[in-house]
Amino acid sequence: KGMKFVLCLIFLVENSMEISIFDQKWKQTTQALLGNCRTKTGATKEDFETLRLRKIPSTKTGLCLMECLFEGAGIMDNGTFNKEGTIVALTPSLKGDLSQIQKFKELATACESELGYKRLQNCQTGKKILQCLAKNGSKYGLQFINTKNMNV
């Protein structure tokens, strides 16, 4: 039985009528990160739409936007995959399910082994991270949304 979860900071926060104080802070932080990354990368509306649809961007600006968001979320550190940061960033999406958290830790370890600490040119590191998580996720019972669009 697979579990679906969303890569937290890549995607726009959904608006809600009742937002807790934590959710308001998270939304503000996310909006600021999105704005900063948009300015830094020159990302277009289409780049944001691609991420919102949970697809890997095909443009350099989209890939750089994704990497900027990964850096902001801690999934990447100084242009390379950050296993511990990935676990911290994505664990909340597992809603406290300890067995799923353990599987995710194993997945992050597998991707750390596969990716190492390589920094790729033209914002390709983020793409490789998503491809690794998607490709190896099913081995750990974790299913990513729209993996058919990820060229894994």
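Heads up: numbering here begins at 1 and tracks the sequence. Note that these values count all heavy atoms, side chains included, but never hydrogens, waters or copies made by symmetry.
With rounding to the nearest 0.5 angstrom, the CD atom of Q131 is 8.5 Å from the CD atom of Q124. With rounding to the nearest 0.5 Å, the separation of CG in L51 from CD in E46 is 12.0 Å. The line from CG of L33 to CZ of R38 is 13.5 Å long, rounded to the nearest 0.5 Å. Of the inter-residue distances, the one linking K128 atom NZ with L63 atom CG reads 11.0 Å to the nearest 0.5 angstrom. For the atom pair CG (L115) and CG (N82), the distance works out to 12.0 Å, reported to the nearest 0.5 Å.
Distance alone, capped at 3.5 Å, places no donor-acceptor pair between the T50 side chain and the P57 backbone. Between the side chain of T80 and the backbone N or O of M76, no donor-acceptor pair lies under 3.5 Å.
For A43, the side-chain contact (heavy atoms from CB on, under 4.5 Å) test picks out T41, D47, F48, L65, with sequence neighbours left out. Scored by the side-chain contact (heavy atoms from CB on, under 4.5 Å) test, K40 finds C68 as partners (sequence neighbours excluded). Considering only residues two or more places apart in sequence or on other chains, E112 meets the side-chain hydrogen bond (donor to acceptor under 3.5 Å, both in side chains) condition with Y117. Scored by the side-chain hydrogen bond (donor to acceptor under 3.5 Å, both in side chains) test, E114 finds K135, N136 as partners (sequence neighbours excluded). Here E84 pairs with nothing under the side-chain hydrogen bond (donor to acceptor under 3.5 Å, both in side chains) rule; sequence neighbours left out. Contacts of S58 classified as side-chain hydrogen bond (donor to acceptor under 3.5 Å, both in side chains), with partners at least two apart in sequence or in another chain: none.
A salt bridge links R52 and E49; the closest N-O separation between the charged side-chain nitrogens and carboxylate oxygens is under 4.0 Å.
What you find for A89 and I75 is that their closest heavy atoms are CB-CG1, 4.0 Å. Among all heavy-atom pairs drawn from T86 and F81, the shortest one is OG1-CE1, 3.3 Å. Residue A108 comes nearest to I87 through the heavy atom pair CB-CG1, 3.8 Å, listed as atom of the first residue, atom of the second, then distance.
Taking the side chain as every heavy atom from C-beta outward, M66 and L130 approach each other to under 4.5 Å. Side-chain contact check for L133 versus L107: some heavy-atom pair is nearer than 4.5 Å.
For residues 75-112, the pairs satisfying disulfide bond (SG atoms under 2.5 Å apart) are C111-C132, with sequence neighbours left out. Screening residues 62-79 for side-chain hydrogen bond (donor to acceptor under 3.5 Å, both in side chains) gives N78-R119 as the qualifying pairs, with residues at least two apart or on separate chains.
With a 6.0 Å radius and a threshold of 12 heavy atoms from other residues, nucleotides or ligands, K83 has its NZ atom above the threshold.
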